[in-house]
Amino acid sequence: MNSLILLHQLADETRTIIQAVEQEFFHLSEAQLVQSNAPGQWSVVECLEHLNTYGRYYLPLFEQHIERAEKQSLAPTPVFRSGWLGNYFVNMMRPKSDGSIGNKAKAAKIHIPSPNLSAKRVLTEFLAQQRQLLSLLRRAEHVSLSQPKIPISIARFITIKLGDALRFLVAHEQRHLLQAQKAVGQTLVKA
């Protein structure tokens, strides 16, 4: 896939996520944001806090690896070839074209949200992380998406290409945005 087109697509998808969160969740009360549809299902705030835990892990790594690639002059390549493992993780997370979520998986313990959350804090942090991701996607246009290897959060001895890690993070956000929308009965936004 064309590297620049990929990064622009990821930025567009991130902007769509920001817009959905701002339009669909900011007008809701604290009670609506922390309530789930059924026992064992996450609320809007829990879905977004789950994503925040991933952002806290991946965004500093992206920053570090992009900065290192900039210093080492790891020039961008016109074409990004996804690794088989990275592509597997992306496809496992990405919602289906009909808006459904396939391959349900239990969250790793380090990514399970705390039960006592401040909705305002969670939403504010989530949007700040999305804006940071947009900035990193712009910076990634100037480095190789293949050379920096990113350790995955649940098994740090496994690494994937920077381009795949960026794709994974956005697909994971799309997945849990759909889950959050279901938690408040919103009409699903196609990711």
On a heavy-atom basis, which atom in Arg81 and which in Lys161 lie closest, and how many Å separate them? O-NZ, 2.7 Å

If you apply the rule side chain to side chain donor-acceptor pair (under 3.5 Å), what do you find for His65 with Gln147, and how did you get there? CA-CA 9 Å; His65 283 75; Gln147 287 306 313; over 6 Å; no

Are any non-hydrogen side-chain atoms of Leu123 and Leu48 less than 4.5 angstrom apart? yes

Say whether, by atom type as modelled, one donor and one acceptor occur between the side chain of Tyr58 and the main chain of Ser153 under 3.5 angstrom. yes

Any sub-3.5 Å donor-acceptor pair from Gln129's side-chain atoms to Asn52's backbone N or O? yes

His111 (side chain) donor-acceptor with His50 (main chain) under 3.5 angstrom: no

Is a donor on one side and an acceptor on the other found under 3.5 Å between the side chain of Ser3 and the backbone of Thr77? yes

For Glu30, is there an ion pair with Lys120 - N to carboxylate O distance below 4.0 angstrom? no

Between Phe25 and Val184, the two heavy atoms sitting closest are CE2-CG2, 3.9 Å

Would you say that more than 12 heavy atoms from the other residues, nucleotides or ligands in this model lie under 6.0 Å from the OH of Tyr88, or not? no

What one should report as the nearest heavy-atom pair of Ala11 and Leu134 is O-CD2, 3.5 Å

Parallel, tilted or perpendicular: which fits the ring planes of His172 and His176, with parallel below 30° and perpendicular above 60°? perpendicular

Take atom CD in Gln35; do more than 12 heavy atoms of anything else shown fall under 6.0 Å from it? no

Does any part of the side chain of Arg131, heavy atoms only, come nearer than 4.5 Å to the side chain of Ile18, both counted from C-beta? yes

Any idea which heavy atoms bring Ser82 and Asn87 closest together, and the distance? OG-CB, 3.2 Å

Between Phe89 and Phe168, what is the ring plane arrangement, given parallel below 30°, perpendicular above 60°, and tilted in between? perpendicular

State yes or no: do Met92 and Ile154 share one hydrophobic cluster built from I, L, V, M, F, W and Y residues joined by side-chain heavy-atom distances below 4.5 Å, directly or via other members? yes

Identify the two heavy atoms, one from Leu162 and one from Ile150, that lie closest to each other, and give their separation to 0.1 Å. CA-CG1, 3.9 Å

Counting distance only, does the side-chain N/O of Ser29 pair as donor-acceptor with the main-chain N or O of Gln32 below 3.5 Å? yes

Ion pair check, Glu49 and Arg121, cut-off under 4.0 Å: yes

Start with the C-alpha gap between Gln130 and Glu173, add the side-chain angles, then the distance that decides, and say whether side chain to side chain donor-acceptor pair (under 3.5 Å) holds. CA-CA 10 Å; Gln130 296 314 294; Glu173 290 172 349; 2.9 Å; yes

If we ignore hydrogens and angles and just use 3.5 Å, is the side chain of Glu46 paired with the main-chain N or O of Ser43 as donor and acceptor? yes

